[in-house]
Amino acid sequence: MIKLTNIVKEFKNRFGTFTALNGVDLDIQKGDIYGIIGYSGAGKSTLVRMINLLETPTSGEVLVGDTHLHKLTARDLRKARRKIGMVFQHFNLLWSRTVLENVALPLEIAGVPKSEHKERVNQLLDLVGLTDKADMYPSQLSGGQKQRIGIARALANNPDVLLCDEATSALDPKTTDSILDLLKDINSKLGLTIVLITHEMHVIEKICDKVAVMESGRVIEAGEVVEVFSHPKTTTTKEFLNQVSGTEQISDEFLSGLGEGAVLRCTFLGGSAGQTVISRMITDLGVQVNILQGQIKRLKEVAFGTLYVQIQGDVDAEAKAVAYLKKNGVIVNVVRGAEGGSN
Amino acid sequence: MEFINTYLPNVVTFWDYIVKAIWETGYMVSLSLVLSALVGIPLGVLLVITSKGHLKPMPALYQVLSIIVNIFRSIPYIVLIIILIPVTRVLINTSIGPNAAILSLVVGAAPFVARLVETSIREVDKGVIEASQSMGATTWQIIYKILLPESLPGIISGVTVTAISLVGFSAMAGVVGAGGLGAMAYNYGFNGFKTDIMIVTTVLLIVMVQVIQMIGDVIARKLDHR
Ligand SMILES: Nc1ncnc2c1ncn2[C@@H]1O[C@H](COP(=O)(O)OP(=O)(O)OP(=O)(O)O)[C@@H](O)[C@H]1O
Ligand SMILES: [Mg+2]
């Protein structure tokens, strides 16, 4: 559906050249919800703006559907853009127009006969759940409602692709979730391809099928969300994973108050479903396990997170437990060894 | 009545002239305002879109327009009237009367409108322009569907300020033969030692300015849904 090949983008100013994108390849299939995550300045916005050519590449190819956008005339490009909706962090609604008129704007631009606007707009408002707000002005709406209008507007001309540049970054967590649910709903209802930019793992975890991690103008990891995050290769990816898995430490005070037995920190990264490993270990090894503290999160069907457990028993029990966990793909750190312990 | 007859004797005697002067001023201000807006608004739009990093960057054209606007804005109005007398004569065969003042009023006010419009349009959120580009809008569509409607309250305020300046300018033009309240104040009031006429015409000019400001504010507020 969308194929970017070796995209380079340089910004020139009087001080020199800044390379915002440095040879990016991206392959997005029809119907995907594709997340692009990265820190501020990584080049995410620049990249997503390549897909509708709001930003022209210094070199490289932009293929959307079967159209090479960068080869189109200005006129054909405008036409092609009607099939690529875009949603913005700050909504970018026209305050001079009512909700209805805002959503009708892309129809006006595309030259859809005026008599058809009302019906189409009502369909769209229905889709985003704001039919009752048609005659209000954007300034009378909440952030979440504004973004729903932004989404309705982006969908007006039945696009094949929806680009979202930090669509939820200006919203509170609850509103973020409702917007993400809406996007997911649209994706399944309309079979629309969604490209979504964010710096929040939560967004990726909640709705994306595929993900690309960006850093300094490059895609450093890309693929199925589960794949990428169950085997993170780079520090950046691991850091993003920590956003959702939690990295809290166990306090020394708490440790010293504990009874005998080894204390282990088990880190689950995909692959192993945490709780089952622990409970299987209890039956397989016949050890007593105390779960002290931790957080297990699910990313799609994969569990990941950190658990602090206390293994009742001596050094033997500890060694067996550590071996068992490691065999099952858990990363184990011994926080405190058992009495007469090995470390 | 007693009071008016006692204190404003000349106003009573010359009332018909005063009424005529009100109409002349109203005519000069409104016609030159409409013409200034017709010239100034497109000029303001051009000043924005041809500037660096905007819709149609054309640095050379922008510089030329900008310099022309600055030149006309820096010429004192009284000088502008004198410079334009020959041109007016060629155009309408006379250099006196309300019509003769229109040209200099427009030449003086249009660049002013252009700058005010330019400032208002520059305040339109870049994101909104970008959104319309992402929908495939043409430059022309962006101008009349985005830039002008989104900056309309600002433009209205600018036009209001211009109208008020035009009241002042037209009074000045009156002194050199254009008629209107300014001429009345000067010819009858000042030169003719009829102080009451000077006072009344001045009060009328003040009332006119107040009314214009009020109308402008009401319209701008009505249009502003921010
Ligand atoms: N028009 C421009 N001129 C010069 N430099 C630019 C321009 N646009 C972007 N950049 C630079 O390119 C880099 C990438 O910018 P971009 O907006 O794509 O980052 P981002 O990943 O979207 O960051 P954020 O999360 O803050 O939105 C930044 O260092 C930015 O300063
Ligand atoms: Mg960005």
Side-chain angles (χ1 to χ4, degrees), chain A residues 13 45 48-49 51-55 72 74-99 101-112 135-141 149-150 153-157 159 161-166 170, chain B residues 41 44-45 48-59 116-117 119-160 216-226:
Chain A
N13 62 19
S45 295
V48 82
R49 290 154 55 83
I51 300 174
N52 57 8
L53 235 64
L54 277 180
E55 210 75 78
L72 296 180
R75 195 191 150 87
D76 288 340
L77 175 62
R78 285 198 296 269
K79 236 181 172 160
R81 279 180 177 162
R82 292 177 200 163
K83 290 293 172 190
I84 308 173
M86 193 164 192
V87 178
F88 304 85
Q89 176 174 2
H90 299 295
F91 327 124
N92 297 350
L93 301 174
L94 278 77
W95 58 255
S96 60
R97 289 176 169 235
T98 62
V99 163
E101 292 163 341
N102 262 289
V103 179
L105 178 63
L107 303 173
E108 285 174 27
I109 286 172
V112 175
D135 296 318
M136 293 209 170
Y137 284 91
S139 58
Q140 298 168 289
L141 303 178
I149 301 305
R153 179 178 72 175
L155 296 175
N157 285 317
V161 178
L162 186 65
L163 307 176
C164 307
D165 189 351
E166 308 258 9
Chain B
I41 293 174
V45 170
V48 176
I49 66 169
T50 58
S51 64
K52 218 178 90 194
H54 217 276
L55 290 177
K56 294 274 168 195
M58 289 185 258
L116 292 174
V117 168
T119 313
S120 299
I121 296 184
R122 273 194 205 289
E123 277 168 17
V124 174
D125 183 7
K126 274 258 149 94
V128 176
I129 300 173
E130 187 162 277
S132 59
Q133 284 173 322
S134 80
M135 295 169 202
T138 60
T139 303
W140 183 236
Q141 284 173 327
I142 295 176
I143 292 171
Y144 77 91
K145 287 185 187 296
I146 314 286
L147 296 184
L148 290 176
E150 289 282 292
S151 57
L152 200 52
I155 292 177
I156 298 289
S157 302
V159 169
T160 308
D217 286 349
V218 167
I219 298 177
R221 212 173 317 123
K222 265 248 152 64
L223 290 171
D224 201 340
H225 300 289
R226 266 174 288 201

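Each chain gets a letter, A, B and so on, in the order the sequences are listed, and its residues count up from 1.
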- Query: Is any side-chain heavy atom of Glu150(B) closer than 4.5 Å to a side-chain heavy atom of Ile121(B)?
  - Reply: no

- Query: Is any side-chain heavy atom of Asp165(A) less than 4.5 Å from a side-chain heavy atom of Val87(A)?
  - Reply: no

Of the backbone (N, CA, C, O) and the side chain (C-beta and beyond), which part of [X] lies under 4.5 Å from a heavy atom of chain B, both, or neither?
| X | value |
| --- | --- |
| Leu93(A) | backbone |
| Arg75(A) | neither |
| Leu94(A) | both |

- Query: Counting only heavy atoms not in Arg226(B), do more than 12 sit closer than 6.0 Å to its CZ atom?
  - Reply: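 Yes, because the 6.0 Å sphere around CZ of Arg226(B) holds more than 12 heavy atoms from other groups.
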
- With a 4.0 Å cut-off, would you call Arg97(A) and Glu108(A) a salt bridge?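 Answer for the salt bridge query: yes.
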
- Task: Could you look at Leu152(B) and say if it's the side chain, the backbone, both or neither that has a heavy atom under 4.5 Å from chain A?
- Result: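 Contact with chain A is absent: no heavy atom of Leu152(B) under 4.5 Å.
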
- Leading residue by heavy atom contact count with chain A [cutoff under 4.5 Å; candidates Pro153(B), Ser134(B), Ala137(B), Pro149(B)]: Ser134(B)

- Task: Quick one: pull up OG in Ser96(A) and CG in Asn102(A) and give me the separation to the nearest 0.5 Å.
- Result: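 Interatomic distance, Ser96(A) OG to Asn102(A) CG, rounded to 0.5 Å: 7.5 Å.
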
- Message: As an exercise: rank Lys83(A), Arg49(A), Gln140(A) by heavy-atom pairs under 4.5 Å with chain B and give me the winner.
- Response: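 Most pairs with chain B among the choices: Arg49(A).
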
